[in-house]
Amino acid sequence: MMGKRLAILLTGLGAGGAERVVMLLANHWVAQGHEVHIISFDAPDAPVYFDVPPTVALHRLDLSHPGLGPLRVLRRLMALRRVLVKIEPDTLISFLTKNNVLALLSTWGRSIHTVVCERNNPMRQEANSLWGRLLARLYPLADAIVMQTRASLVCLPKGVESAAFVIPNPIETPTALPPEESEPKILVAVGRLVSQKGFDLLIDAFALIQDEFSDWQLKIFGDGPLRDSLASRISACGGSERIFLAGQTDTPGAWIREGHAFVLSSRFEGFPNVLGEAMAAGMPVVSFDCPFGPAEMVTEGVDGLLVPDGDIEELANALRRLLSNRDFRAKLANEARKSSARFTVPRVAAQWDALLNTLGETKRDR
C-alpha cells in the first residue's frame, strides 16, 4: 500500500476500547509510512489515556458538550467538514455509531473513501436507537463497513453485505504479567461501571461462593455512574471485605499485575478488548456468552469457560470450578495465551491494510 493520508474520527481520547484500537492502528500506519490524522470532539486539554504516536496530527474540535441536540449535531458536522477540507484525506475511518453518521454526512459529495466501524452491539444500545436507524439509511454511502465479529453481521440492513468486513480488535501483547499465585488470590473484572458491563450480576454471583473461597477476592477495575449503587450492592451481600471497586488504573493494562483469574460479566459487547488482553497475558478466563464477541474468542473448556448469557447461578458454578482447581487454571491460561495470537497487532493490522488496499485509487462520486 502506497503512502496515504488517513483521517480517523473518534469522540475523545479517553480510556475506551475504540481509543485503544485507534492508537494501535495509528502506530502501525505511521510505521508503514502513512500520514495519520486523528479527529476528536473533545477539548484540547482533555486527558489523553493512551500514548499518541508523536508524528500523528491531532485535531481536537472542542465540541464535547453533553447531549447532542440538533444544533450541536450541526456544529459537529460543520466542524468535521471544515477539518476534512483542511486535511484532504484519502480515507476517513470512523468509530462508533454517532460518529459514523457524522462521517457519512460530512463526506457526502466529496471524493473521500469512508470506512465506518461499529464498536458495540447496536441491537442493544437503546440510547443510540435513533442514530442507529439513521446510520442504517446512510450505510450505502460507506465504502466499507467494519464489524468486529461474524455474529454482529446480523445488525446490518439488507443491501450492504458487499461492503461489510469482519475484523477483530487488535490485542497488544501485554507488558504486564499476572502475579504468581499467593494469598489472597484476585479475581479481576474490568470496564466502565455501567449496566452493559453486568457488574451487578457478577457481584451477586461472587456472593454465592464467597464463603467457600476465603482465599479469593474480587476486584472490579473502572469508573462510571453506577459506582454508588454497586457499592451498596456489595455492602448488602456482605462482601465489603471481599469485593472491591478498585477504580481506573493510571496506566493501560495495569490491572493484569493484580489478577490471578479474569471474569467478563457483560450483558452485551462488541468485541471485549479486556477479555482478549487477559487471555494474551496468560490469565484463565470466565465469560458470559453474551452477544457479541466471547463465543468467537473463547472455546469452552479449552482456553476459557463460557457461561449462558446472564445466568448468575451458572456464573457462580463456573467460578467455583475455576477457583477450586489450580491445575485447571494453569491449563486454561496456557491455552488462552496461545489462542489469543489470532488477535495480535500485526495479524489484525494486516487485515486492515488489505481492506484499505481494496478501496483502490479510484474514489467514487458521492
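All residue numbers in this chain count up from 1 along the given sequence. FYI, side chains are in, hydrogens and waters are out, and symmetry mates aren't considered; it's all heavy atoms of this structure.
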Using atom types as modelled and distance alone, determine if a side-chain donor or acceptor of Thr114 lies under 3.5 Å from a backbone N or O of Ile112. yes
Do any N or O atoms from the side chain of Arg242 and from the backbone of Leu218 form a donor-acceptor pair under 3.5 angstrom? no
Within-4.5 Å side-chain heavy-atom neighbours: Arg267 and Cys290: no
Heavy atoms of other groups near Asp215 CG, more than 12 under 6.0 Å: yes
Out of the candidates Arg119, Lys197, Gln148, only one should pair with Glu269 under the side chain to side chain donor-acceptor pair (under 3.5 Å) rule; please name it. Lys197
Using a 3.5 Å distance criterion without hydrogens, assess whether the side chain of Asn27 forms a donor-acceptor pair with backbone atoms of Met23. yes
Just wondering, are more than 12 heavy atoms of other shown residues or ligands nearer than 6.0 Å to CD in Glu313? no
Count the heavy atoms belonging to other residues, nucleotides or ligands that lie under 6.0 Å from CD of Glu161, then report whether that count exceeds 12. yes
For the pair Arg5 (side chain) and Glu88 (backbone), establish whether a donor and an acceptor sit closer than 3.5 Å, ignoring hydrogens and angles. yes
Asp62, CG: over 12 other non-hydrogen atoms inside 6.0 angstrom: yes
Side chains of Arg60 and Leu13: closer than 4.5 Å at any heavy-atom pair? yes
Using side-chain heavy atoms (C-beta onward) and a distance below 4.5 Å, is Ile220 in contact with Ile203? yes
Would you find more than 12 non-hydrogen atoms of other residues, nucleotides or ligands less than 6.0 Å from Arg137 atom CZ? no
Between the side chain of Thr251 and the main-chain N/O of Ala254, is any donor-acceptor distance below 3.5 Å? no
Looking at Leu58, is its backbone amide N or carbonyl O close enough to the side chain of His37 to form a donor-acceptor pair, meaning the two atoms are under 3.5 Å apart? no
For the residue pair Trp255 and Phe262, categorise the inter-ring angle as parallel (less than 30°), tilted (30 to 60°) or perpendicular (more than 60°). tilted
Could you tell me if Asp42 and Ser64 have a donor-acceptor pair between their side chains, going purely by distance under 3.5 Å? no
Would the distance check show the side chain of Asn273 and the main-chain N or O of Gly17 forming a donor-acceptor pair, the cut-off being under 3.5 Å? yes
CA sep, side-chain torsions, deciding dist, call: Val263, Leu322, side-chain contact (heavy atoms from CB on, under 4.5 Å): CA-CA 11 Å; Val263 57; Leu322 189 72; over 6 Å; no
Taking the side chain as every heavy atom from C-beta outward, state whether Pro179 and His260 have any atom pair closer than 4.5 Å. yes
Just by modelled atom types, is the Phe268 backbone N or O under 3.5 Å from a matching donor or acceptor in the Gln196 side chain? yes
Whether Asn121 side chain and Pro291 backbone form a donor-acceptor pair below 3.5 Å: yes
